[in-house]
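Everything on this sheet refers to the single structure shown next.
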Amino acid sequence: METELRASNFIEEFVEEDLRAGRFEGIKTRFPPEPNGFLHIGHVKALCIDFGIADKFGGTCNLRFDDTNPTKEDTVFVEGIQKDIEWLGFRWDQLHFASDFFGRLYEIALGLIEKGVAYVDDQSAEEMRLNRGTLTTPGTASPYRDRSIAENLDLFRRMKAGEFPDGSRVLRAKIDMAAPNVLMRDPTLYRILRHHHHKTGDEWCIYPMYDFQHPLQDALEGVTHSLCSLEYEIHRPLYDWMVAQVGFAHPPRQIEFARLNITRTIMSKRYLRRLVEEGYVKGWDDPRMPTLVAMRRRGYTPEAIKDFLGRVGVSKADSTVDGALLEACVREAMGDIAPRAMAVLNPVKVVLTNWPEGFTDALTMENHPDHPEMGTRTLKMGNVLFIEREDFMEEPAKKFFRLAPGREVRLKGAYIIRCEEVIKDASGEITCLNCTCDMASRSGSEGADRKVKGTLHWLSEIDARACEARLYESILLDEEAVVDGEIEATDEFGEAVPAPAKDFIDRLNPNSLTVLKGALVEPIIADAQVGDRFQFLRMGYFCKDSDSSEALPVYNRIVPLKDSWVKARK
RNA sequence: UGCCGAAUGGUGUAACGGUAGCACCUACGACUCUGACUCGUAUUGCCUAGGUUCGAAUCCUAGUUCGGCAGCCA
């Protein structure tokens, strides 16, 4: 079978074109995170593109930490990021740090000064801002712009030597203070900053800026295609200027793509940091977070995440993907691999009044309906059972075909029961359902073939083990759903008008976490390892959480099953 | 007011001048000892206006709307 290599997006088209035109011999990409936080699913888009392009065209991808701002960076993030990338299954070629290139970058800066295209500016940050002009008016030249090369060389060397205080001088490129693209108005190349660096310690007191370091390091590493998100589009002329000044035989080419947005999900590192620091979540690995540490803990698989990014596609149009697509990918990835088992998340007691006294039945349950090779297990049944509270309605709604007074349902893999009596406590809460069991209806027996409308999951008192279940919903509410708490405005008829949410905090979903402390699971679930996944029959896919103890296992709902009943009842 | 981009069903993404397709979502149906899965059916789309062409989502012109840019952050 012939598998034709076809470009599946505009970036691949560029790459194909470059290869055809002979601009590059092979393909080299890079993934360049700043180690100032944990990776989130938005980064996975870049990862898939960077590694995907390299792989598709027989090239390689480097991992590079752009650690040029020591005030924000930390080794815990460089370690975390590497672990996340490996977990996803990507294998980088070379591992680099911008900080490993500080010496070479410094030499290049000296070269730019000698060439007369860089100068030391003594203006304050405020003066520089003022003299940069505005979006519509040109900037004005710094009074230091025409210093001699010798003086610039001397000053820059002394900047490096630590002779000047932080912020007192910068090295700037000499480009064009009247450029319509503000980024070209003599951008800063180096700043003076005394701050302990996670790798170089206190060796340097000047640090290169992104617009200087990034393009040059791409070129130095032999990167051919520097793929990044749309906000860098406007930096491209500067990127090209920078590599042109140094003069590389095969300068890298920057191509930009739209970053990932998902409905009801926060995708900004800054905001995620706020959630953690202000205690809205329990940490970077809180399963509600879109970080990879969190998704891993929650039970998502790398396959599901990468499948999602594949379906999202790549383009230059700003877009927001429906979170339902991610859920669909997770369900699909889980469907074949997760063994089925039963858990009663919100139990109500059932007593079988006609069950033979002292009798315990051993029932064989399949672990997966489509994969008999996954085996079976045995569940015990006696006269006291638990079913899901929401599987019973005293006054059944239309189209409700679960348990109700006088109605029959099948217990999955067991018997058909009929509700005869509803027992309530003083407050009216249902405490017990007295039922009769059709002893001839045991699954697999001759009398089992009669049909009843509903099949419920269940647990016997014998097998039920206590656990905690944590159910997650999106971390944000729909934008339209937010009325900002109180009514803030009224229209001319005195009707409430929803005011737009000003802060993403106002959009936080109060139901993003539901903890069910009285949930019950069967032994195979209780005895599982942390990280093991199951489909809790009819309830969703769950993963055993690291908070589990011997006494109380804890389960995260990865994703619920599709449920046409909850939709129908509305 | 400057510069750089982007506009295809509800959402995301294809099409490289020749039948607007795929996935998710939604609705309905079949099947079902999971209201799941699976299968089937259906609704809904080329930003607008001109032009070129036998033929335009695609090429041209003019608009409209949306996003990004004035860090010594990346």
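Sequence lines set the chain letters: A, B, ... in the order given, protein chains first and strands last, and positions in each chain run from 1.
Taking the six-membered ring where the residue is Trp, the centroids of A:Phe102 and A:Tyr207 are separated by under 6.0 Å.
Straight-line distance between the P atoms of B:A57 and B:U48: roughly 11 Å, to the nearest whole Å. Taking the C1' atom of each, B:U11 and B:G71 are spaced 35 Å apart, rounded to whole Å. Comparing the C1' positions of B:A56 and B:U19 gives an interatomic distance of 14 Å, to the nearest angstrom.
A sub-4.0 Å separation between OP1 or OP2 of B:G35 and a side-chain N or O of A:Lys399 is absent. An OP1 or OP2 oxygen of B:G35 is reached within less than 4.0 angstrom by no side-chain nitrogen or oxygen of A:Thr455. In terms of phosphate contacts, A:Arg132 brings a side-chain nitrogen or oxygen within less than 4.0 Å of OP1 or OP2 of B:C72. Side-chain nitrogen and oxygen atoms of A:Lys562 include at least one within less than 4.0 Å of the OP1 or OP2 phosphate oxygen of B:C37.
Checked against A:Arg253 for a side chain to side chain contact (heavy atoms under 4.5 Å, CB included), the options A:Asp18, A:Val15, A:Val223 give a single hit: A:Asp18.
Atom C1' of nucleotide B:G68 and atom CD of A:Gln254 are separated by 13 Å, given to the nearest angstrom. When the C1' atom of B:C72 is taken as reference, atom CZ of A:Arg172 falls 10 Å away, rounded to whole Å. Atom OH in A:Tyr232 sits roughly 21 Å away from atom P in B:C4 (whole-Å rounding). Atom pair A:Asn131:CG and B:C72:C1' shows a separation of 15 Å (rounding to whole Å applied). Put simply, CD on A:Glu127 is 15 Å from P on B:G71, counting in whole angstrom units.
When the nucleotides B:A23, B:U34, B:A36 are ranked by their closest atom to the side chain of A:Arg340, B:U34 comes out on top. Side chain of A:Ser315, nearest nucleotide from B:A14, B:G35, B:A70: B:A14. Side-chain proximity of A:Ile234 to the nucleotides B:A74, B:G67, B:C3 is greatest for B:C3. Of all nucleotides listed (B:C24, B:G35, B:G12), B:G12 comes nearest to the side chain of A:Ser319. Nearest nucleotide to the side chain of A:Thr68, out of B:G12, B:C4, B:A74: B:A74. Closest to the side chain of A:Thr188, from the set B:C72, B:U11, B:G35, is B:C72.
For A:Arg538 against B:G35, no side-chain N or O and base N or O form a donor-acceptor pair under 3.5 Å.
Looking at heavy-atom distances under 4.0 Å, A:Tyr207 makes no contact with the nucleic acid at all.
Taking the charged nitrogens against the carboxylate oxygens, A:Lys567 and A:Asp563 have no contact shorter than 4.0 Å, which rules out a salt bridge. The existence of a salt bridge linking A:Asp218 and A:Arg64 is confirmed by a sub-4.0 Å separation between a basic side-chain nitrogen and an acidic carboxylate oxygen.
In this structure, B:C69 and B:G2 make a Watson-Crick or G-U wobble pair, each of the two defining distances being under 3.5 angstrom. The partner of B:U52, taking Watson-Crick or G-U wobble pairs whose two distances both stay under 3.5 Å, does not exist in any strand shown. Summarising the base pairing, B:G9 is matched to no nucleotide, lacking a Watson-Crick or G-U wobble pair whose two defining distances lie under 3.5 Å.
Residues passing the ring-ring contact (aromatic ring centres under 6.0 Å, His included) test with A:Tyr232 are A:Tyr210, A:His235, sequence neighbours excluded.
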